[in-house]
Chemist: 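The structure follows.
The residues of the chain are indexed from 1 along the displayed sequence. Keep in mind it's a predicted model, so treat the numbers as computed, not measured.
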Amino acid sequence: MKHNLVGLDIGTSCVKAAVFDERGNALFVASAPLQVFTPSAGWAEQDPEEYWTATCSVLKEVFNKIDPRNVAGIGLSGQCPSHVLVDANSRALGKAIIWRDQRAQDEAKWMNQQVTPAQAVEWLGSSNLGDATSPPARLLWLKENRSSDWAKAVAVLQPKDFVALRLTDKVATDCYSAYCLANPDSGTYDPSYFKALGLPIERMPRTLFPSEVAGEVTEKAALVTGLKPGTQVIIGTIDAYCDNLAGGAIFPGRAVDIAGTSEIVSLGIEKLVVAEGVYPARIGNDGMFLCGPTQAGGETLKWLAHSFYQEFHEGIQYDAMEREAKGSPPGANCLLFLPYLNGERAPIWDAKAVGAFVGLTFSHDRRHFTRAVYEGVAFAIRHILEISETAAGVSSREVVVGGGGSRSDFWNQIKANVLQKIVRPTVVSETGCLGAAILASVGMGYQKSVKEACLAMIQLKSGIQPDSKLSGIYNTMYSHYRDFYPALKMVCSGEGS
């Protein structure tokens with residue numbers, strides 16, 4: 001029976017493909033790396049053609065092990081907001097500007113002056129137009145600064161939608177990936193809004209619900225991917241949403257931390273909750289959650305490796321860094337790390353935020369710096385979760401951890417200790433792929449709803465217990481963590497001079 005499903009995740013550091021059965025068991029997983037280019041400070045770009053070549057590579061690898069005739073459909077997950085300009089021949093125009101790029105700060109300031117909160121609610125269903133990473137700010141920058149590409153473009157797509165185009169020859173996105181551009185409830189673009197911003201509405205792709213079919217795999221795409229022609233492609237949604245689905249964030253009271261390139265922290269809620277620093281999200285009527293994406297996470301560990309471990313010549317040795325960190329006591333001898341190395345998103349939303357080590361003395365060495373980085377990211381998770389729990393009026397006992405970082409018992413234990421909550425890793429660490437497969441299972445009619453699909457396909461490992469004896473030191477250091485950002489912001493902005 002053709003009940004196997006492929007989840008394809010177009011991430012930042014790599015493209016992953018995984019084949020799942022109806023119970024969410026991963027039958028085979030493949031990945032291919034992606035490059036990130038930083039031509040200027042605060043910029044982050046990728047080559048869209050790499051999205052496609054990596055997709056072809058991982059699917060071919062999968063189908064060397066799994067018979068493609070047993071695959072009924074493929075669901076998509078992708079980094080967002082990242083923008084690919086596409087011409088009339090489905091070719092990418094220049095580099096893609098990806099989610100962590102901060103270049104559109106002036107455009108963000110202008111659009112928030114141009115559109116009032118009341119207008120934003122009328123046009124988009126939300127008063128928040130976002131910051132420099134927001135899609136409309138990004139498009140304004142592209143229009144002004146890449147005018148030649150802009151003139152040739154017929155569509156602006158997310159990376160997963162660019163891959164969907166190559167697979168199906170159809171232009172589409174989902175209603176959530178089009179955030180700050182389309183109303184997520186109706187999936188419609190408001191002409192008055194686009195007129196106010198001076199952006200062409202005709203370049204916006206049609207919007208679908210995440211479990212809807214974008215199209216079928218063409219003969220041409222089948223030749224280079226190994227998929228069977230006619231295989232249905234489910235449009236999917238933002239990787240953060242797919243990750244959260246795979247952790248069960250749509251269930252009220254469940255806390256989820258997705259440990260990927262950046263951390264994404266969520267809390268399931270029963271009704272709409274508004275809280276400063278995080279935002280409410282949902283997948284249709286199947287469940288809502290408060291969500292906060294950071295800039296810190298696995299990328300921060302890469303920075304740590306490149307900056308402190310010059311002996312790593314053949315790639316990052318995470319086990320070696322963990323052994324080093326274990327040589328430091330919890331709290332890193334009162335060395336505190338603020339992980340704002342590329343600005344910060346949730347919960348402070350400050351593109352100009354900078355990181356810092358605080359409390360440095362002659363007694364500190366590489367062991368302490370390493371542990372402080374792991375703990376600093378855990379403090380960022382606690383900051384988002386604390387805001388969400390306070391706003392929702394609930395306190396979660398457990399935190400489900402997914403993503404690549406969930407495979408580290410050491411980091412999971414640090415998170416449990418800092419949060420003073422039980423940490424339960426997901427069985428499948430490729431949560432973006434699993435979330436895409438969950439949506440595909442609904443799109444293919446195997447499950448009646450997203451919630452039913454989550455119940456059927458999510459599997460969790462045993463819980464990691466927090467060390468209650470460490471609550472005192474981590475509560476104190478977390479309090480300092482909260483205090484240092486405003487002071488650091490004042491120093492770096494010159495407000496204190």
Chemist: Output, in order, the C-alpha distance, side-chain angles, deciding distance and verdict of salt bridge (charged side-chain N to carboxylate O under 4.0 Å, His left out) for Lys352 and Asp350.
Modeler: CA-CA 5 Å; Lys352 296 182 179 179; Asp350 183 356; over 6 Å; no
Chemist: Salt bridge check: are Asp467 and Lys469 linked by an N-O gap of less than 4.0 Å?
Modeler: yes
Chemist: Would you tell me whether Gln413 and Asp409 have side-chain atoms, one donor and one acceptor, within less than 3.5 Å of each other?
Modeler: no
Chemist: Would Gln46 and Gln79 count as having a side-chain donor-acceptor pair, cut-off 3.5 Å?
Modeler: yes
Chemist: Aromatic ring centroids of Phe369 and Phe337 under 6.0 Å?
Modeler: no
Chemist: Do the side-chain N and O atoms of Ser266 and Asn244 include a donor-acceptor pair separated by under 3.5 angstrom?
Modeler: yes
Chemist: Salt bridge check, Asp174 against Lys160: does any charged N sit closer than 4.0 Å to a carboxylate O?
Modeler: yes
Chemist: Using a strict threshold of under 4.0 Å (side-chain N to carboxylate O), is an ion pair present between Glu311 and Arg366?
Modeler: yes
Chemist: Rounded to the nearest 0.5 Å, how far does CD of Gln447 lie from OG of Ser449?
Modeler: 7.5 Å
Chemist: Can a cation-pi geometry be assigned to Arg371 and Phe410, taking NZ or CZ under 6.0 Å from the six-membered ring centre and within 45° of the ring axis?
Modeler: no
Chemist: So, do Tyr176 and Thr207 sit near enough that their side-chain heavy atoms are less than 4.5 Å apart?
Modeler: no
Chemist: Given salt bridge (charged side-chain N to carboxylate O under 4.0 Å, His left out), test Arg482 with Glu386 step by step and report yes or no.
Modeler: CA-CA 11 Å; Arg482 293 287 303 270; Glu386 187 176 81; 2.8 Å; yes
Chemist: Should the pair Tyr374 and Trp411 be assigned to parallel (<30°), tilted (30 to 60°) or perpendicular (>60°) ring geometry?
Modeler: perpendicular
Chemist: Taking the cut-offs as 6.0 angstrom to the six-membered ring centre and 45 degrees off its axis, would you call Lys95 and Phe37 a cation-pi pair?
Modeler: yes
Chemist: CD of Glu270: more than 12 outside heavy atoms within 6.0 angstrom?
Modeler: no
Chemist: For atom CG of Asn64, is the number of surrounding heavy atoms from other residues, nucleotides or ligands below 6.0 Å larger than 12?
Modeler: yes
Chemist: What are the two closest heavy atoms between Leu439 and Pro210, and how far apart are they?
Modeler: CD1-CB, 3.8 Å
Chemist: Does the pair Phe379 and Phe484 meet the rule for a ring-ring contact (aromatic ring centres under 6.0 Å, His included), with working shown?
Modeler: CA-CA 12 Å; Phe379 289 135; Phe484 281 132; over 10 Å; no
Chemist: Would you say that His83 contacts Pro135 through its side chain, given a criterion of any heavy-atom pair below 4.5 Å between the two side chains?
Modeler: yes
Chemist: For residues Leu434 and Met457, determine if any side-chain heavy atom of one lies less than 4.5 Å from a side-chain heavy atom of the other.
Modeler: yes
Chemist: Side chains of Glu22 and Asn4: donor-acceptor distance under 3.5 Å anywhere?
Modeler: no
Chemist: Within the structure provided, determine whether Phe289 and Phe251 are in side-chain contact (heavy-atom separation under 4.5 Å).
Modeler: no
Chemist: Indicate whether the side chain of Ser429 and that of Arg407 have a donor and an acceptor atom separated by less than 3.5 Å.
Modeler: yes
Chemist: Does Glu276 CD have over 12 foreign heavy atoms under 6.0 Å away?
Modeler: no
Chemist: Identify the heavy atoms of Thr431 and Gly403 that sit nearest to each other, and give their distance.
Modeler: OG1-N, 3.4 Å
Chemist: Will you find, in the side chains of Thr133 and Trp99, an N or O donor that is under 3.5 Å from an N or O acceptor?
Modeler: no
Chemist: For Asn475, which residues count as a side chain to side chain contact (heavy atoms under 4.5 Å, CB included) partner, sequence neighbours excluded?
Modeler: Arg382, Ser471
Chemist: Between Asp101 and Arg103, does the salt bridge (charged side-chain N to carboxylate O under 4.0 Å, His left out) criterion hold? Intermediate values first, please.
Modeler: CA-CA 6 Å; Asp101 189 287; Arg103 74 183 71 180; 2.8 Å; yes
Chemist: Looking only at heavy atoms, what is the nearest atom pair of Ala30 and Phe28, with distance?
Modeler: CB-CE2, 4.2 Å
Chemist: How close do Ile234 and Val213 get, heavy atom to heavy atom, and via which atoms?
Modeler: CD1-CG2, 3.6 Å
Chemist: Using only heavy-atom distances, determine whether the side chains of Ser262 and Arg345 contain a donor-acceptor pair under 3.5 Å.
Modeler: yes
Chemist: If you take all heavy atoms of Phe162 and Pro48, which pair is closest and at what distance?
Modeler: CE2-O, 3.3 Å
Chemist: Answer yes or no: is there a side-chain heavy-atom contact under 4.5 Å between Thr237 and Leu245?
Modeler: no
Chemist: Would you name the heavy atoms of Ala72 and Thr231 that are closest together and state the gap between them?
Modeler: O-CG2, 3.8 Å
Chemist: Mind running salt bridge (charged side-chain N to carboxylate O under 4.0 Å, His left out) on Arg100 and Glu45 for me, showing each step along the way?
Modeler: CA-CA 9 Å; Arg100 71 183 190 213; Glu45 300 177 342; over 6 Å; no
Chemist: So, do Tyr474 and Tyr481 have ring centers that fall under 6.0 Å from each other?
Modeler: no
Chemist: Are Glu322 and Ser408 linked by a side-chain donor-acceptor pair shorter than 3.5 Å?
Modeler: yes
Chemist: Side chains of Val156 and Val86: does their closest heavy-atom pair fall under 4.5 Å?
Modeler: no
Chemist: Are a donor atom and an acceptor atom from the side chains of Tyr279 and Ser126 found within less than 3.5 Å of each other?
Modeler: no
Chemist: Assess whether side chain to side chain contact (heavy atoms under 4.5 Å, CB included) is satisfied between Glu324 and Phe308, documenting all intermediate values.
Modeler: CA-CA 11 Å; Glu324 193 97 350; Phe308 287 79; over 6 Å; no
Chemist: Quick one, Asp9 and Asp239 - any side-chain contact, counting heavy atoms below 4.5 Å?
Modeler: yes
